[in-house]
Structure formats: C-alpha cells, structure tokens
**Q** 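Here it is, the structure, as structure tokens.
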2 protein chains.
Amino acid sequence: MENVQPADGSSLHHPDTPDARRLDTATATFRMLSDPTRLHILWLLAQDPSDVGSLVERTGASRTSVSQHLAKLRFSGLVTTRKSSRHVVYSISDGHLTRLVMEGLNHADHKVTGEPAHD
Amino acid sequence: MENVQPADGSSLHHPDTPDARRLDTATATFRMLSDPTRLHILWLLAQDPSDVGSLVERTGASRTSVSQHLAKLRFSGLVTTRKSSRHVVYSISDGHLTRLVMEGLNHADHKVTGEPAHD
DNA sequence: ATAATGAGTGCACACGTAAGCACGTATTAT
DNA sequence: ATAATACGTGCTTACGTGTGCACTCATTAT
C-alpha cells in the first residue's frame with residue numbers, strides 16, 4: 001500500500017517511486033530554502049563566496065540570526081566554510097542548490113509580476 | 001570586507017537584487033515543498049492528476065492530513081481542482097513547480113546515494 | 001425519503017523553529 | 001599583557017504548523 005505507480009512500461013519520465021528517505025532528504029533541503037533570511041543568504045552565496053559580516057550587512061539581519069542560519073546550512077551540508085585570517089568565508093557547496101535557488105526566485109518572479117492565478 | 005557584489009551593471013548572471021516581496025514569495029513556495037506528505041502529493045500530481053482518495057491511499061496519510069495539505073496547496077495556487085461527480089481531481093498548476101519538485105528529488109537522490117559530505 | 005460515499009473544516013494539542021540576549025572563543029592589533 | 005574584532009552557541013520566548021478527532025456539506029445509490 002505504499003506505492004501504486006503503474007506497472008506498465010510507460011516512460012513518462014520518472015520510473016522511480018520516491019521512498020521515504022528520498023522524500024525526507026528533499027524535504028529537508030526545501031525547508032532550508034523556506035526562510036527569507038536563509039534564502040537571501042543562499043542567493044548572495046550563489047553569486048559569490050562571502051564572510052559573515054558581509055552577509056549580515058547585506059541581509060540586514062542580526063548577527064545572531066545570520067550565524068544560526070549559517071549553522072543550519074552548514075549542518076545540512078548546503079554550504080562550505082573556509083577560514084581567512086579571522087574571517088570565515090562561506091560558499092555554496094552544490095551546483096544543484098544554486099539552480100534550485102534560482103528557479104525558486106524565478107518562479108516567484110513569475111508569480112509576482114505575472115498572474116495572480118487564484119481559484 | 002571580502003567581496004561585495006559591485007553595484008555596477010556587471011552581467012555575471014543576476015543583475016537583480018531580490019526584494020523582500022520576491023524573497024517571501026519564493027520562500028512561501030519552498031515552504032509548501034518542505035513537508036514530506038505535501039511533497040509526496042505534489043510528486044504524485046506531477047505525474048498525473050488525481051482525486052483525494054487516491055492520494056490518501058498512495059501517500060498513506062490520513063484523509064484529514066491530505067485534505068489540509070491540499071487546502072494549503074490550493075490556497076497557495078500551486079494546484080488546481082476539477083470536480084468529477086463526487087470526486088475532486090487535483091492537478092499541478094504550474095510547470096515550474098513540477099521542475100522544482102523534480103530537481104529537489106533529484107538533488108536528494110544525489111545526496112542519498114552519493115556523498116555523505118559532512119564537515 | 002434514507003443511507004452511503006467523497007471531501008472539507010473548526011478545534012485542540014504537540015512539536016519544531018526563528019529571533020534576541022548574554023556569554024564564550026579565536027584571532028589580530030596596540 | 002590588554003583591547004578589539006569576527007563568529008559561534010546555549011538559553012528563553014513566541015509563533016507557526018502538522019495531525020487527529022468530530023462534525024458538516026455535497027453527491028450518488030437504494
């Protein structure tokens with residue numbers, strides 16, 4: 001009673017049924033993208049590696065908040081760190097993530113400027 | 001003090017700075033994708049329109065849960081509905097969303113099978 | 001008409017989590 | 001040595017949110 005994906009050989013595009021593990025992993029990533037401050041941080045990092053102070057300035061969030069968010073991003077493996085003197089420089093670890101961020105913003109732009117599309 | 005994205009019109013790829021509205025919109029969409037049940041539902045809908053009962057069966061979630069999630073998705077404009085006798089058939093409204101779902105699962109698959117990549 | 005099925009909704013509860021405060025740590029400057 | 005800068009981290013509080021229960025509405029069958 002878990003997956004009822006039809007047994008026919010129709011090659012729509014996704015023969016795989018998502019097991020709980022994959023769903024949870026994807027969910028975790030999406031959850032990391034579901035906070036404005038975090039998404040802003042990731043968007044900034046998607047363009048250039050940056051240290052914490054710069055992220056604080058550019059996001060307008062508090063140092064604590066940025067640090068906490070960076071900790072989560074680091075813990076989730078979405079960003080990597082590099083020490084430079086007393087600065088810690090953050091970078092996006094995965095190119096896939098950059099695409100997700102960009103597509104998300106793109107989709108948002110589509111919704112904001114375009115259609116109110118309600119039911 | 002590390003590197004600050006210059007204010008000039010350098011065409012790296014993203015001349016736009018994300019205003020709060022765009023960030024919030026994208027965040028809202030990502031939040032809709034950040035629940036396992038909802039992501040499962042969207043994945044199912046990404047393949048074929050489906051009624052509520054079928055979604056209940058295939059996700060293994062309770063009717064209440066599925067209904068609530070569908071209400072949120074409907075309210076966010078991510079799905080559309082169509083009545084067929086006493087069934088309500090749901091569909092994904094935007095092709096962008098399908099791409100996001102697929103990329104998210106793809107990224108997840110990458111992370112699960114591939115690298116444990118921790119620091 | 002009544003019964004049954006499919007779907008949606010208010011309510012209560014439990015849990016996760018974002019934000020601010022205060023403090024600790026590491027590195028550089030004087 | 002001390003002071004200052006750059007980050008990180010428990011702690012508490014407040015809020016959002018996912019889920020189950022019970023109930024209602026709509027549609028179809030008998």
Side-chain angles (χ1 to χ4, degrees), chain A residues 20 23-42 44-45 49-91 118-119, chain B residues 1-4 20 23-42 44-45 49-91 118-119:
Chain A
L23 274 176
D24 285 340
T25 305
T27 292
T29 298
F30 282 132
R31 175 157 296 144
M32 284 299 128
L33 300 173
S34 70
D35 176 86
T37 303
R38 244 169 3 230
L39 187 57
H40 199 167
I41 290 175
L42 287 174
L44 291 170
L45 294 181
S50 171
D51 66 351
V52 181
S54 171
L55 293 174
V56 169
E57 278 184 32
R58 297 199 276 169
T59 58
S62 71
R63 278 138 191 89
T64 305
S65 183
V66 171
S67 260
Q68 302 270 24
H69 286 305
L70 287 174
K72 297 196 175 185
L73 293 173
R74 202 179 17 180
F75 204 69
S76 305
L78 302 186
V79 299
T80 58
T81 63
R82 180 193 95 208
K83 277 208 70 175
S84 169
S85 78
R86 53 181 157 183
H87 298 265
V88 179
V89 180
Y90 282 79
S91 313
H118 251 297
D119 197 18
Chain B
M1 266 49 155
E2 264 300 305
N3 37 21
V4 181
L23 275 177
D24 285 341
T25 305
T27 292
T29 299
F30 282 133
R31 174 157 297 147
M32 283 300 128
L33 300 173
S34 69
D35 176 86
T37 303
R38 252 180 343 241
L39 189 58
H40 198 166
I41 290 175
L42 286 174
L44 291 170
L45 293 181
S50 172
D51 65 352
V52 182
S54 171
L55 292 173
V56 169
E57 277 185 33
R58 298 197 277 172
T59 57
S62 72
R63 278 142 189 89
T64 305
S65 184
V66 171
S67 259
Q68 302 272 23
H69 285 306
L70 287 175
K72 296 195 175 188
L73 293 172
R74 201 180 16 179
F75 205 69
S76 305
L78 302 185
V79 299
T80 58
T81 63
R82 181 193 94 209
K83 277 208 71 174
S84 170
S85 78
R86 52 181 158 186
H87 298 266
V88 179
V89 180
Y90 282 79
S91 312
H118 252 299
D119 195 20

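Lettering of chains follows the sequences in order, A, B, ..., and the numbering in each one begins at 1.
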**Q** Identify the heavy atoms of B:Thr27 and A:Ser34 that sit nearest to each other, and give their distance.
**A** CG2-O, 3.0 Å
**Q** To the nearest 0.5 Å, what is the distance between CG on B:Leu73 and OG1 on B:Thr81?
**A** 12.0 Å
**Q** Within this structure, what is the CZ-to-C1' distance between B:Phe30 and D:dT17, rounded to whole angstrom?
**A**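 So the two atoms are 20 Å apart, to the nearest Å.
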**Q** B:Leu55 has an atom CG; how far is it from atom C1' of C:dG6, in whole Å?
**A** 13 Å
**Q** Could you tell me which residues satisfy side chain to side chain contact (heavy atoms under 4.5 Å, CB included) with B:Ser54, sequence neighbours excluded, listed by chain and number?
**A** B:Ser50, B:Asp51, B:Arg58
**Q** Please report, rounded to the nearest Å, how far the P atom of C:dA18 is from the CZ atom of A:Arg31.
**A**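 After rounding, the reported distance stands at 9 Å.
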**Q** Return the value, rounded to whole Å, for the distance between atom NZ of B:Lys83 and atom P of D:dA26.
**A** 9 Å
**Q** Set out, line by line, the N/O atom pairs under 3.5 Å between protein and nucleotides 7-9 of chain D.
**A**
| residue | atom | partner | partner atom | Å |
| --- | --- | --- | --- | --- |
| D:dC7 | OP1 | A:Val52 | N | 3.3 |
| D:dC7 | OP2 | A:Gly53 | N | 2.9 |
| D:dG8 | OP1 | A:Tyr90 | OH | 2.5 |
| D:dG8 | OP2 | A:Ser67 | OG | 3.4 |
| D:dG8 | OP2 | A:Tyr90 | OH | 3.4 |
| D:dT9 | OP2 | A:Arg74 | NH2 | 3.3 |

**Q** Nearest heavy-atom pair of A:Val79 and A:Leu70: which atoms, and what distance?
**A**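 So the two residues come closest at CG2-O, 4.4 Å.
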**Q** Taking 4.0 Å as the cut-off, does a side-chain nitrogen or oxygen of B:Ser62 come that near to OP1 or OP2 on D:dG20?
**A**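 Affirmative; the distance criterion is met.
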**Q** Quick check: do A:Ser65 and A:His69 have side-chain heavy atoms less than 4.5 Å from each other?
**A** yes
**Q** Does the side chain of B:Leu33 reach to within under 4.5 Å of the side chain of B:Leu78, using non-hydrogen atoms?
**A** no
**Q** In whole angstrom, what separates B:His69's NE2 from D:dT17's P?
**A**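 One finds 12 Å between P of D:dT17 and NE2 of B:His69, rounded.
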**Q** Please state how far atom CG in A:Asp35 lies from atom P in C:dG16, giving the value in whole angstrom units.
**A** 18 Å
**Q** How close or far is atom C1' of C:dT17 from atom CG of A:Leu73, stated in whole angstroms?
**A** 14 Å
**Q** State whether A:Ser65 places a side-chain N or O below 4.0 Å from either non-bridging phosphate oxygen (OP1 or OP2) of C:dA19.
**A**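 Looking at the OP1 and OP2 atoms of C:dA19, one of them is under 4.0 Å from a side-chain N or O of A:Ser65.
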**Q** Are any of B:Thr37's side-chain N or O atoms less than 4.0 Å away from OP1 or OP2 of D:dT19?
**A**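 B:Thr37 to D:dT19 OP1/OP2: side-chain N or O found under 4.0 Å.
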